[in-house]
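First up is the structure itself, then whatever we jot down about it.
The figures here come from the full heavy-atom set of this structure, side chains too, leaving out hydrogens, waters and symmetry mates.
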Amino acid sequence: MHTMSIQRKKIHPHKYSLWIAMGSITMMFIGFTSAYVVKRSQANWLAFELPHIFWLSTAVILLSSLTVHLALKQFRERNMQRYKQLITITALLGVIFAACQWIGFSQLKNSGLPLNGPVSASFIYVIVGVHMLHVLGGVVALLIMFARAYRTRIRTYSSVPIEVAATYWHFVDVLWIYLLIFLSIAR
């Protein structure tokens, strides 16, 4: 009995690794946004509007966060048919978010703000681009969850993989909202 209570208090190694990674990623973005604030005081700083599609992509990632939460809930309740539907929708929304971000980058470039243009635009490319790389990691995780959901072989019903994927996806969602608000206010 005592051994079981000790084991329940331990965090799964995959979850522990995820929390360490999310802490590291958070520190990196704090560094990026701090550098942005410092550079913003330069005389040649150019303020511009963010592409509107970034706001649309925010709605998409918020919706995907809801669907991954519901997918995890359905997985825990062993409602596998509903889980498959929700993880499929989540994976699709993740791909749509990534596409919206790509379109946003294209709009920036087409409006005369290339990567090697004004410093303010370069910061947007780096900050949003690095976030995009983390989102792509999340999309890969969601696609793996999607593929596993439709596998026909006998599988375990451990919820750890979907919990890790869902936690990471919520993290990139919150990080994106922080970045969008920060970049909108600190222009």
Please check if any side-chain donor atom of Tyr178 sits under 3.5 Å from a side-chain acceptor atom of Thr33, or the reverse. yes
Is there a donor-acceptor pair closer than 3.5 Å between any side-chain N or O of [X] and the backbone N or O of [Y]?
X	Y	result
His131	Val172	yes
Tyr125	Leu113	yes
Ser120	Leu46	yes
Ser106	Trp102	yes

Under 4.5 Å between side-chain heavy atoms, counting indirect links through other Ile/Leu/Val/Met/Phe/Trp/Tyr residues: same cluster for Met132 and Leu62 or not?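 As far as the 4.5 Å side-chain criterion goes, Leu62 and Met132 are not connected within one cluster.
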Val38-Ile127 co-clustered via ILVMFWY side chain contacts under 4.5 Å: no
So for atom NE2, which belongs to His170, do other residues, nucleotides or ligands contribute more than 12 heavy atoms lying within a distance under 6.0 Å?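 Atom NE2 in His170 is crowded, with more than 12 foreign heavy atoms closer than 6.0 Å.
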For a side-chain hydrogen bond (donor to acceptor under 3.5 Å, both in side chains) check, start with the C-alpha distance between Trp169 and Ser65, then their side-chain angles and the critical distance, and finish with the verdict. CA-CA 7 Å; Trp169 195 250; Ser65 220; 5.2 Å; no
List the atom pairs, donor and acceptor, that lie under 3.5 Å between side-chain atoms in residues 86-99 and the rest of the protein, sequence neighbours left out.
{"residue": "Thr88", "atom": "OG1", "partner": "Lys84", "partner atom": "O", "Å": "2.6"}
{"residue": "Thr88", "atom": "OG1", "partner": "Tyr150", "partner atom": "OH", "Å": "3.1"}
{"residue": "Thr90", "atom": "OG1", "partner": "Thr67", "partner atom": "OG1", "Å": "2.7"}
{"residue": "Thr90", "atom": "OG1", "partner": "Val68", "partner atom": "N", "Å": "3.3"}
{"residue": "Thr90", "atom": "OG1", "partner": "Leu86", "partner atom": "O", "Å": "2.7"}

Check whether the ring centres of Tyr36 and Phe182 lie less than 6.0 Å apart, and answer yes or no. yes
If the condition is side chain to side chain donor-acceptor pair (under 3.5 Å), which residues does Thr58 pass it with, not counting sequence neighbours?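 For Thr58, the residues satisfying side chain to side chain donor-acceptor pair (under 3.5 Å) (neighbours in sequence not counted) are Trp176.
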